[in-house]
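Quick note: numbers below take in every heavy atom, side chains included, and nothing from hydrogens, waters or symmetry partners. Just so it is clear: chains get the letters A, B, ... in the order the sequence lines come, proteins before strands, and each one is counted from 1. This one's a predicted model, so the numbers in the text were calculated from it and none came from an experiment.
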Protein chains: 2
Amino acid sequence: MIDKHISPSKSQHSQADTVVDELVTAIHQHRIAPGTKLGEDDLAEIFGVSRTIIRASLQALAHQQLVEIKRNRGAFVVQPSIREAHEVFEARALLEPGLANRAAERATANDIQLLQRHIEEEHAALAEGDRGKALHLSGLFHIEIARIANHATIAGFIEALIARSSLIIALYWRRESALCEKHAHHALLDALANQQGQAAEELMKSHLVDLHSALDLRERPKPARTLKEALGG
Amino acid sequence: MIDKHISPSKSQHSQADTVVDELVTAIHQHRIAPGTKLGEDDLAEIFGVSRTIIRASLQALAHQQLVEIKRNRGAFVVQPSIREAHEVFEARALLEPGLANRAAERATANDIQLLQRHIEEEHAALAEGDRGKALHLSGLFHIEIARIANHATIAGFIEALIARSSLIIALYWRRESALCEKHAHHALLDALANQQGQAAEELMKSHLVDLHSALDLRERPKPARTLKEALGG
DNA sequence: GGACACAATATTGTATACAACTTTGCGCTC
DNA sequence: GAGCGCAAAGTTGTATACAATATTGTGTCC
């Protein structure tokens, strides 16, 4: 579902792609917590395919750095460290503003409409109280901008970064700060619609700074799922 | 061999990693041309493992965008388009100068020595007339700098970009321009050794511009391996 | 003689079976 | 009763067998 936009001719999808999409979405929506073990037999039964397919899917997720495969131990949803959290948002701050600028120059009416719809869905999800879904859609908004900027290579990087951002937010978001992306995304949309590249760039930059500073990245990884991993180390 | 530096705890290597390393190196060194088909049975026999391992390896390479897997058709070494070539070098120009700056601030004497050795090997390879090997080592030089900069996330991106750069150079390098990375790399090393961040950043930037402009990116993909692909389109 | 249709071949996609390793649980010793 | 060692169970790693699809070769019809 996600790399459909980025990698052009991947329409020829295998069963593994379906599994990957399901898992990616579930992780994005925080329905699977960081640290969870993804057993092959379990997944094979759930999805009704053989372990061969599951293995390919898990390897794909490992390449995206969403899960970590420990040899002879299995696959686990990664728990990004504080350090990685900083890295990811630094990298985003480095890449995304420029992309927003490019996107403003290239966005068609169609693109704007699509983004508009994204924001509305995000809004609706939040109204329903489904924070996970809202966050997922918020990520798709950023990915869409990268796509509009028409720089597939960097867009691919952004996709990977946003996927990891989702995990980071799951781990380090502090409740106090409200999820007020609504304003930021709306302002961005306006700038894009009016082809104000410089404005879009600045908005994106400050938006990312806001996100980064809304994380609680002090020395203390939050509780993990498997207590063994949380305690024994 | 390559991601050993980037991904910290990947020392637990499976047979697939060996195959991947061999193929990556071979592609980097231009011993396998862009467009070549990588048949599963052939590789399985060559490496003395089952197709299972080969498949995992090819999927890994596909994720690195070094090969393209066409469903029911097989895996082929990718032939980057002119457009992708531009994208890759644009992305490198965006990321690597900053990394060089960071690296200058952090490089230890050990790091410098390691880079020094890299340059010497590169030099030696060129003296022997082994352009492929020299190019491979040249890539490792850049990857090493990314590693020294101590930003694993961006370093990972750089790694992917350099891998693709190798293919791009294989396709679009123009013979006229000499492979004179020697000076650029040596100057970079000096700047790093003396902790001159700003200088390193500028040197890296112009080095990449040089590389980019040494490519012949006019509208004309060079001859492909399979004539069918080259002619029928 | 050229073009199309069909059969034969080869290659990839998927499932299953077996091997290797890790973890868990039990029993023994001290 | 605590700690160690070994056996059993469970999970992952790898190889092989079978199914599905693409490619190639051959024959026939016009």
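Between D111(A) and R147(A) a salt bridge is recorded (basic side-chain N to carboxylate O distance below 4.0 Å).
Of the inter-residue distances, the one linking I53(A) atom CD1 with T18(A) atom OG1 reads 9.5 Å to the nearest 0.5 angstrom.
Distance, I54(A) CD1 to dG13(D) P: 14 Å, rounded to whole Å. Separating the CD atom of Q59(B) from the C1' atom of dG13(D) is a distance of 15 Å, rounded to the nearest angstrom.
Every residue meeting the side chain to side chain contact (heavy atoms under 4.5 Å, CB included) condition with S166(B), not counting sequence neighbours, appears here in chain and number order: H28(B), H30(B).
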Exercise. Any chance you could list the contact pattern along nucleotides 6-22 of chain C? Use B for base contacts, S for sugar-phosphate-only contacts and - for none, protein heavy atoms under 4.0 Å, 5' to 3'.
Key: -----SBBBBB----SS

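Under the 6.0 Å cut-off for aromatic ring centres, H185(B) and H142(B) qualify, their centroids lying closer than that.
When every heavy atom of G35(B) is checked against every heavy atom of F76(B), the shortest pair comes out as O-CD2, 3.8 Å.
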